[in-house]
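No hydrogens, no waters, no symmetry mates; every other heavy atom, side chains included, goes into these values.
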Amino acid sequence: MPAVRTQLRSTNGAIDTHKTIISRASIVGEEMQDLADCKMHYPLSEKERNTFKTRDGKRVTPHQWAVYDFTRTIPCGRVTTYKDISVALGQGSPRSVGSALRNNPFAPFVPCHRIIASTLYIGGFFGEWGTGANARGGQKNTGVQCNRKMEMLEKEGVTFSLEGYLADESLLWRD
């Protein structure tokens, strides 16, 4: 595992209107890691998709396939939003995109960790939304999953403020 060097700096960025401390990590001695670079069978033909079932025995809907196909095109080191995906697909809503990704049977090959909220907040991961004081979902939401999402994105070169907002808006990818 590479050594990680962290610098703290203060900023008054356009992303967040109040003063924020940003933890900026740089990977030392190794290039960023593409977590979606893994061997996994991903059905491409219509026949395979029509017969595919998740581990729970559920079929994947056409909308979910569209979300997964689009999500696979997001480059390593970049993020996009639930809203941008729904707009690019011309179907569904940010919530339906989030629902499809929450049920993603192809993670990390379909890199659902690269999707954030349109406010540039870390958003959700595995049914949890947010971290720390910003966490939503009641007692069951510990923030552990969203912290895991931030760690995964950090390995890919994407960092967030301590409050959970994207630190570098230039990493926002729009198709």
note = Hits for side-chain contact (heavy atoms from CB on, under 4.5 Å) against N50, two or more places apart or cross-chain, chain-then-number order -> E46
ask   = Would you say L153 and I122 make side-chain contact, with heavy atoms under 4.5 Å?
value = yes
note = For D84, the side chain to side chain donor-acceptor pair (under 3.5 Å) test, sequence neighbours excluded, returns T81, R174
query = Taking the side chain from E128 and the backbone from Q145, do they hold a donor-acceptor pair closer than 3.5 Å?
reply = yes
inquiry  = Nearest 0.5 angstrom please: L120 CG to Y165 OH, how far?
reply    = 9.0 Å
remark   = So OG1 of T71 and NE2 of H113: to nearest 0.5 Å the spacing works out to 10.5 Å
task = Nearest 0.5 Å please: distance from the OG1 atom of T73 over to the OH atom of Y68.
result = 15.0 Å
key: side chain to side chain donor-acceptor pair (under 3.5 Å) partners of R49, counting only residues at least two apart   = D69
ask   = Can you find a heavy atom in the side chain of V79 that is under 4.5 Å from one in the side chain of I115?
value = no
ask   = At their closest point, which heavy atom of Y82 faces which heavy atom of V97, and how far apart are they?
value = O-CG2, 3.9 Å
message = According to side chain to side chain donor-acceptor pair (under 3.5 Å), who are the partners of T61, at least two apart in sequence or on a separate chain?
response = Q64
ask   = In this structure, are over 12 heavy atoms from other groups packed under 6.0 Å from R72 atom CZ?
value = yes
Point-to-point distance, once rounded to the nearest 0.5 Å, from CZ of F160 to CG of N147 = 11.5 Å
task = Mind checking ring pair (Phe, Tyr, Trp, His ring centres under 6.0 Å) for F52 and listing every partner two or more places apart, or none if nothing turns up?
result = W65, F106
ask   = Closest heavy-atom contact between A107 and C112?
value = CB-SG, 4.2 Å
inquiry  = Please enumerate all residues that pass side chain to side chain donor-acceptor pair (under 3.5 Å) together with T51, with sequence neighbours excluded.
reply    = none
ask   = Side-chain contact, heavy-atom cut-off 4.5 Å: S86 with S96?
value = no
Closest contact, heavy atoms only, N103 versus S99 = ND2-O, 2.9 Å
remark   = The reported gap from OG1 in T54 to CG in N104 (rounded to nearest 0.5 angstrom) is 11.0 Å
query = Any salt bridge (charged side-chain N to carboxylate O under 4.0 Å, His left out) pairs touching residues 51-68, not counting sequence neighbours?
reply = none
message = Return the CD to CZ distance between E151 and R148, rounded to the nearest 0.5 Å.
response = 9.0 Å
query = Are I116 and L166 side-chain neighbours, meaning at least one heavy-atom pair lies under 4.5 Å?
reply = yes
message = Can you pull out every salt bridge (charged side-chain N to carboxylate O under 4.0 Å, His left out) where at least one residue sits in residues 98-119? Sequence neighbours excluded, please.
response = D34-R114, R114-E156
request  = Can you sort out the partners of Q91 under side-chain contact (heavy atoms from CB on, under 4.5 Å), two or more places apart, ordered by chain and number?
outcome  = H63, A66, L89
